[in-house]
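These values consider heavy atoms only, across backbone and side chains, with no hydrogens, waters or symmetry-generated copies. Owing to the predicted nature of the structure, the values given are computational and were not obtained by experimental measurement.
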Amino acid sequence: MSGLFLLLSFCFSFTFFKPKKFIPPGTVSITENFFADEAEISNAAWREFETATKIKYGKFSKEHIAVLPDTLVWRQKNSSNEPYVQYYYRHPAYRDYPVVGISYEQALAFCKWRTEKVKEFYIIRYKKDLKINYRLPSKEEWEKISLGGVDIMYGYARNSKGCILFNHRYAADSVDAANTPNNPADVTAPILSYQKNRFGIYNLFGNVAEMTAEKGICKGGGWRHLFEECRAGNDIPYTGTTAWLGFRCVCDFQGSSQ
């Protein structure tokens, strides 16, 4: 009887309940086949990438050295950020903060590695070959996931450090900069801080600026940027690695084959 009961329960569930939509790990759904990371890539995620590279190629290999963040980006003249040179990337207290000091080429390498690891996991665990690809978003895609194509500014104001981290939406001409509270974070904030936008995405503005697929162009503004720069439609140029630049991935998913 117990075996028959379980079989009937399974049939009932299969008949009357639709299977849950597949969401690529770490992402939220934007459209049927297009997804975006819920948060920026963290130090913990990057250390996982670094560790995998070190195990595969060796600690002193050129491959491992090539994926190390540039921690010297914190060493700036007339700043008090020197402790971050040693602690920001490695210390457990910052594991959930956005990784910085990453080059465009390193971000592309991470996307490729992440794609391979997710596909490998599903082949081993579920015997399914996912048609999936993690990558950097185009400028237009980034604007879509941030504001749905509408040039609306989030509740930021200018202070001595740059953008204020508030994810409340306002029309651009209605932001009261004088009455917006100060940024509670010294530099960056944890990747799941503050309110999500309507897609369920955190920190698209003001924490770290985010790379796009167009090399040298980032979006959203980082903790050092000014109020005027933190607009969805604004392209922010960058060269090399900085302490205010990170990234998140988007993901194309076309199903799976067994």
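Judged as a salt bridge (charged side-chain N to carboxylate O under 4.0 Å, His left out), the pairs with a partner in residues 108-121 (not counting sequence neighbours) are, in order, Asp37-Arg114, Lys117-Glu120. Residue pairs meeting the salt bridge (charged side-chain N to carboxylate O under 4.0 Å, His left out) criterion with at least one member in residues 233-242, sequence neighbours excluded: Lys139-Asp235, Lys219-Asp235.
A search for ring-ring contact (aromatic ring centres under 6.0 Å, His included) contacts involving Tyr94 returns Tyr84, Tyr88, Tyr97, not counting sequence neighbours. Under the ring-ring contact (aromatic ring centres under 6.0 Å, His included) criterion, Tyr87 pairs with His91, not counting sequence neighbours. For Arg90, the salt bridge (Lys or Arg N to Asp or Glu O under 4.0 Å) partners at least two apart in sequence or on another chain are Glu50. By the side-chain hydrogen bond (donor to acceptor under 3.5 Å, both in side chains) test, Glu48 pairs with no residue at all, sequence neighbours left out. Under the salt bridge (Lys or Arg N to Asp or Glu O under 4.0 Å) criterion, Glu40 pairs with no residue at all, not counting sequence neighbours. With sequence neighbours excluded, the residues that form a salt bridge (Lys or Arg N to Asp or Glu O under 4.0 Å) with Glu105 are Lys215. Residues satisfying the side-chain hydrogen bond (donor to acceptor under 3.5 Å, both in side chains) test with Trp142, not counting sequence neighbours, are Glu210. Scored by the salt bridge (Lys or Arg N to Asp or Glu O under 4.0 Å) test, Glu141 finds Arg135 as partners (sequence neighbours excluded). Residues passing the ring-ring contact (aromatic ring centres under 6.0 Å, His included) test with Trp244, sequence neighbours excluded: His225.
The backbone N or O of Asn207 lies less than 3.5 Å from no partner atom in the side chain of Thr188, so there is not a single donor-acceptor pair. Arg95 places no side-chain N or O within donor-acceptor distance of the main-chain N or O of Ser42, the cut-off being under 3.5 Å. A donor-acceptor contact shorter than 3.5 Å is absent between the side chain of Ser193 and the backbone of Ala189. Under the 3.5 Å distance criterion, the side-chain polar atoms of Trp223 are matched with a main-chain donor or acceptor of Ala243. Checking side-chain atoms of His64 against main-chain N and O of Thr53 turns up no donor-acceptor pair under 3.5 Å. Between the Thr115 side chain and the Tyr134 main chain, a donor and an acceptor come within less than 3.5 Å of each other. Side-chain atoms of Asn197 come within 3.5 Å of backbone atoms of Ile201 as a donor-acceptor pair (strictly under, hydrogens ignored). A side-chain donor-acceptor contact under 3.5 Å links Gln106 to the backbone of Ser103. Checking side-chain atoms of Asn81 against main-chain N and O of Arg75 turns up no donor-acceptor pair under 3.5 Å. At least one donor-acceptor pair closer than 3.5 Å links the side chain of Glu229 to the backbone N or O of Leu226.
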Check your understanding: Do Cys111 and Trp113 pass the side chain to side chain contact (heavy atoms under 4.5 Å, CB included) test, and can you show the C-alpha distance, the side-chain angles, and the key distance before you say yes or no?
Key -> CA-CA 6 Å; Cys111 293; Trp113 169 81; over 6 Å; no
Review point. Going through the checks in order, is the side chain to side chain contact (heavy atoms under 4.5 Å, CB included) test met by Val118 and Leu130?
Key: CA-CA 8 Å; Val118 170; Leu130 297 182; 4.1 Å; yes
Exercise for review: For Asp129 and Ile123, run side chain to side chain contact (heavy atoms under 4.5 Å, CB included): C-alpha distance rounded to whole Å, both residues' side-chain angles, the deciding distance at 0.1 Å, then the answer.
Suggested key: CA-CA 6 Å; Asp129 183 14; Ile123 288 174; 4.2 Å; yes
Exercise for review: Run the numbers on Tyr202 and Ile191 for side chain to side chain contact (heavy atoms under 4.5 Å, CB included), then give the verdict.
Suggested key: CA-CA 7 Å; Tyr202 290 92; Ile191 60 173; over 6 Å; no
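Contact record, Ile132 with Cys251: CG1-SG, 3.3 Å, taken as the closest heavy-atom pair. Annotation for Leu136 and Leu108: closest pair CD1-CD2, 3.8 Å, computed over non-hydrogen atoms. Phe205 and Cys230 make their closest contact through CD2-O, 3.8 Å (heavy atoms, listed as atom of the first residue, atom of the second, distance). Annotation for Ser146 and Leu204: closest pair CA-CD1, 3.5 Å, computed over non-hydrogen atoms.
Between Tyr238 and Tyr104, the distance separating the two ring centers is not shorter than 6.0 angstrom. Between Tyr122 and Phe22, the distance separating the two ring centers is shorter than 6.0 angstrom.
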Side-chain donor-acceptor contacts of residues 29-36 below 3.5 Å, not counting sequence neighbours, with atom names and distances?
{"from": "Ser29", "atom 1": "OG", "to": "Lys21", "atom 2": "NZ", "distance (Å)": "2.9"}
{"from": "Ser29", "atom 1": "OG", "to": "Thr31", "atom 2": "O", "distance (Å)": "3.2"}
{"from": "Thr31", "atom 1": "OG1", "to": "Phe34", "atom 2": "N", "distance (Å)": "3.4"}

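With salt bridges taken as basic N to acidic carboxylate O contacts below 4.0 Å, none links Glu63 and Lys56.
Classified by interplanar angle (parallel below 30°, tilted 30° to 60°, perpendicular above 60°), the ring pair Phe110/Phe49 is perpendicular.
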